[in-house]
Amino acid sequence: MSVSDRLAELGIELPEVVAPLAAYVPAVRTGNLVYTSGQLPMQGGQLPAEGKVGAEVTADDGKALARICGLNALAAVHALVGIDSVVRIVKVVGFVASAPGFNGQPAVINGASELLGEVFGPAGAHARSAVGVSELPLNAPVEVELIVEIA
């Protein structure tokens with residue numbers, strides 16, 4: 001089954017690529033790897049929530065936002081090389097704007113990781129970092145970037 005078929009089976013439609021906020025491109029290919037820029041949980045050009053996880057944003061809401069970040073990263077990959085060329089998710093890096101004392105970053109970034117597992121099955125298993133930070137662009141609660149292997 002192709003990745004496109006699996007997305008359709010799951011009822012998932014990739015969004016439009018989020019326009020860059022500064023001087024960068026959404027994704028870059030080198031050899032058989034694609035690196036995405038950090039993706040915010042933008043929907044329709046807006047953030048559905050702002051603030052720090054553990055304060056203005058709950059951990060569960062942060063997890064849902066990380067899933068959106070993952071979808072936006074997949075959209076960037078798709079726009080560059082086509083989603084069906086992805087053979088493996090290599091690495092996920094997730095950043096969580098964290099309130100003081102919040103240390104649940106891994107559970108928040110599971111929103112992106114679990115999405116990738118649903119879509120790619122065993123090829124979605126990946127290395128990962130989940131990092132707490134004091135601030136993210138536009139006061140976003142989460143940001144996710146991917147490294148994917150392509151055929």
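Numbering starts at 1 and runs along the sequence shown.
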Exercise for the section: Determine the minimum heavy-atom distance between Val142 and Cys69, stating which atoms define it. Expected result: CG2-SG, 3.6 Å
Handout entry: Distance, nearest 0.5 Å, that separates CD1 of Ile109 from NZ of Lys63
Key = 11.0 Å
Exercise for the section: Flag the pair Ser98 / Gln105 as yes when at least one side-chain heavy-atom distance between them is below 4.5 Å, and no otherwise. Expected result: yes
Handout entry: Linked, directly or transitively: Val86 and Val119 (ILVMFWY side chains, under 4.5 Å)
Key = yes
Exercise for the section: Just grab all the salt bridge (charged side-chain N to carboxylate O under 4.0 Å, His left out) pairs involving residues 47-58, residues at least two apart or on different chains. Expected result: Lys52-Glu135
Exercise for the section: Please tell me if the side chains of Pro26 and Val18 come closer than 4.5 Å, counting only heavy atoms from C-beta onward. Expected result: no
Completion exercise
Heavy-atom nearest pair, Ala66 first then Val108, reads CB-O, 3.3 Å
Exercise for the section: Is it possible for you to say whether Val148 and Leu71 belong to one hydrophobic cluster, with membership spreading through side-chain heavy-atom contacts below 4.5 Å? Expected result: yes
Exercise for the section: Grab the two heavy atoms, one from Pro141 and one from Leu65, that are nearest each other, plus how far apart they are. Expected result: CG-CD1, 3.7 Å
Problem - salt bridge (Lys or Arg N to Asp or Glu O under 4.0 Å) partners for Glu118, two or more places apart - result: Arg67
Exercise for the section: For residues Val144 and Val92, determine if any side-chain heavy atom of one lies less than 4.5 Å from a side-chain heavy atom of the other. Expected result: yes
Completion exercise
One should read off an interatomic distance between Leu47 CG and Met42 CE, to the nearest 0.5 angstrom, of 5.0 Å
Exercise for the section: Please round to the nearest 0.5 Å and tell me the distance separating atom CG of Asn110 and atom CG of Leu115. Expected result: 11.5 Å
Handout entry: Any donor-acceptor N/O pair, Ser4 side chain to Ser2 backbone, under 3.5 Å
Key = no
Exercise for the section: Spell out, as yes or no, whether a donor-acceptor pair under 3.5 Å connects the side chain of Asp84 to the backbone of Val3. Expected result: yes
Problem - Side-chain heavy-atom pair Leu7, Leu14 within 4.5 angstrom cut-off - result: yes
Practice task
Side-chain contact test, heavy atoms from C-beta onward, threshold under 4.5 Å: evaluate it for Val87 versus Asn32 and give yes or no.
Solution key: no
Fill in the blank from the handout: For Thr36 and Ala73 the tightest heavy-atom approach is CG2-O, 3.7 Å
Problem - CG on Leu80 to CD1 on Ile150, rounded to 0.5 Å - result: 7.0 Å
Problem - Test item: Pro106 and Arg128 side chains (from C-beta on) under 4.5 Å apart, heavy atoms - result: yes
Practice task
Give a yes or no on whether the backbone of Val25 and the side-chain of Ser37 come within a donor-acceptor separation of less than 3.5 Å.
Solution key: yes
Problem - Straight-line distance of Gln39 CD to Ile68 CD1, nearest 0.5 Å - result: 12.5 Å
Problem - Side chain proximity check, Leu74 to Phe120, heavy atoms < 4.5 angstrom - result: yes
Practice task
Treat each ILVMFWY residue as a node, draw an edge where side-chain heavy atoms are under 4.5 Å apart, and state whether Ile89 and Tyr35 are in one component.
Solution key: no
Fill in the blank from the handout: What one should report as the nearest heavy-atom pair of Leu136 and Ala97 is CD1-N, 3.7 Å
